[in-house]
There are 2 protein chains.
Amino acid sequence: MFRVSRRVDYGLRLLIALAVDQNSGSQATSRLAARLDIPLAFLHQIGRSLIQAGILRSSPGPGGGLRLSRSPEEITLLQVLETLDGPVRISACLDQPNCDEDPDLPSAETWADIQQSLIGELNKINLTSLVDKAKYKSAVYTPVPGYTPVSKSIAI
Amino acid sequence: MFRVSRRVDYGLRLLIALAVDQNSGSQATSRLAARLDIPLAFLHQIGRSLIQAGILRSSPGPGGGLRLSRSPEEITLLQVLETLDGPVRISACLDQPNCDEDPDLPSAETWADIQQSLIGELNKINLTSLVDKAKYKSAVYTPVPGYTPVSKSIAI
DNA sequence: CCTATTTTTGATAGCTTTACTCGAATATTG
DNA sequence: CAATATTCGAGTAAAGCTATCAAAAATAGG
């Protein structure tokens with residue numbers, strides 16, 4: 001329950017990776033997929049959604065790939081979640097119009113409260129803070145700027 | 001996404017109904033099902049889980065039915081959720097043992113934070129407060145002469 | 001223009017979860 | 001015993017999630 005889909009999980013990996021190497025321009029999905037262990041075709045699908053939401057930009061052709069379309073500070077966790085998994089609706093009842101009017105369903109208001117609180121929290125978290133945690137975590141193996149040979153398994 | 005199952009939705013309706021009429025003893029599932037608009041067989045299944053979790057008690061035979069096994073104050077939303085939908089795991093990654101050790105998955109720690117915060121909120125809400133909201137709500141629908149309902153929710 | 005590279009799009013298949021349903025068994029009251 | 005209720009194990013249809021595939025379109029460099 002309350003499970004975030006793998007789509008979002010992958011999407012966040014992708015966004016974090018792009019944010020970390022933001023100054024190295026566009027990155028090809030094929031490389032990203034290998035590095036982040038995401039099925040390539042699935043990454044394409046996810047990327048498309050993020051592009052349509054205005055979070056990513058893409059350029060085809062050689063040297064092309066994906067890049068962030070705005071600053072990491074302006075990308076919130078909530079935006080990513082809603083883009084990839086649809087709107088947050090903590091109870092199935094909440095998107096039915098008569099939900100709040102039926103006195104036999106007294107839990108609706110509670111769900112609405114919890115949902116609002118959750119949305120607030122999710123909106124406070126932006127990509128920058130996610131990247132900070134990622135950097136802290138991977139401080140040991142931080143890649144050197146420049147060309148990185150394909151080493152999919154950089155284990156600590 | 002973040003959707004609570006219908007199981008939980010039904011379960012809460014059931015618990016609230018039982019809490020409201022707590023002093024009228026056991027209530028037959030057949031009547032509860034009709035009143036709360038829950039498929040009878042499904043209510044049985046849900047009731048069983050709640051009984052196994054020690055939240056409900058039951059007695060078969062004529063005059064039997066379901067009743068709360070503890071005070072509504074001691075029943076939290078988190079308990080109900082975990083009983084009916086399994087443990088809260090906001091990201092699928094979080095119940096895999098190697099999840100936190102893989103440096104390519106930097107979002108794990110963030111999910112853990114959010115999850116913890118959500119769990120805290122859910123644990124603060126008990127059945128009593130849910131019943132209060134239900135009562136307030138039905139008061140609106142059963143207007144008393146001279147009483148003007150307020151639009152916004154009021155913490156009782 | 002040509003070609004290699006890379007994204008874009010639409011369709012679809014397999015798996016898992018959800019939301020139930022069913023039939024038979026078991027316990028209780030009177 | 002008979003009527004009333006819950007209990008248990010299993011099963012099923014539909015929906016949603018997680019990809020996968022083939023073909024198309026766009027772009028850079030020569």
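Just so it is clear, the model here is predicted, and its values are computed rather than measured. Here is how names work: the chains are called A, B, and so on, in the same order as the sequence lines, proteins then strands, and each is numbered from 1.
Within the nucleic acid shown, Ala28(A) comes within 4.0 Å of sugar-phosphate atoms alone, with no base atom in reach, counting heavy atoms only. Among the heavy atoms of the strands lying under 4.0 Å from Gly65(B) are primed sugar atoms or P, OP1, OP2 only; no base atom is included.
Atom pair Gln52(A):CD and dT7(C):C1' shows a separation of 13 Å (rounding to whole Å applied). Here the P atom of nucleotide dT27(D) and the CG atom of Leu66(A) are 15 Å apart, to the nearest Å. Rounded to whole Å, the distance from NE2 on His44(A) to P on dT18(D) is 19 Å. Per the geometry, CZ belonging to Phe42(B) stands 14 Å off C1' belonging to dT12(D), to the nearest Å. For the pair Leu40(A) CG and dC21(D) P, the interatomic distance rounds to 11 Å; values are reported in whole Å. When the P atom of dT7(C) is taken as reference, atom CD1 of Ile38(A) falls 13 Å away, rounded to whole Å. In this structure, the CD1 atom of Ile46(A) is 13 Å from the P atom of dC17(D), given to the nearest Å. The CG-C1' distance, from Asp9(B) to dC20(C), rounds to 15 Å in whole Å.
Comparing dT6(D), dA19(D), dA3(D) by their nearest atom to the side chain of Arg6(A) picks out dA19(D). Nearest nucleotide to the Pro39(B) side chain, out of dT21(C), dT20(D), dT7(C): dT21(C). When distances run from any side-chain atom of Pro60(B) to the nucleotides dA27(C), dA3(D), dT8(C), the shortest one goes to dA27(C).
For Asp85(A) and Arg3(B), the salt-bridge test fails: no basic side-chain N is under 4.0 Å from an acidic carboxylate O.
In this structure, CD1 in Ile38(B) is found 6.0 Å from CD1 in Ile46(B), a value given to the nearest 0.5 Å.
Ser59(A) has no side-chain polar atom (N or O) that falls below the 4.0 Å cut-off from OP1 or OP2 of dT7(C). A sub-4.0 Å separation between OP1 or OP2 of dT6(C) and a side-chain N or O of Ser58(A) is absent. Between Tyr10(A) and dA19(D) there is a side-chain polar atom (N or O) within less than 4.0 angstrom of OP1 or OP2. Using a 4.0 Å cut-off, some side-chain N or O of Thr29(A) falls inside it from OP1 or OP2 of dT7(C).
Heavy atoms of other residues, nucleotides or ligands lying less than 6.0 angstrom from CZ of Arg70(B) number more than 12. Atom CD of Glu73(B) is surrounded by 12 or fewer heavy atoms from other residues, nucleotides or ligands within 6.0 Å.
Place Arg48(A) and Gly64(A) on DNA chain C by their nearest nucleotides, and Gly64(A) ends up nearer the 5' end.
At a cut-off of 3.5 angstrom, counting only N and O atoms as typed in the model, there is a donor on one side and an acceptor on the other between the side-chain of Gln45(A) and the base of dT20(D).
In terms of heavy atoms, Leu127(B) sits closest to Ala19(B) at CD2-CB, 4.0 Å.
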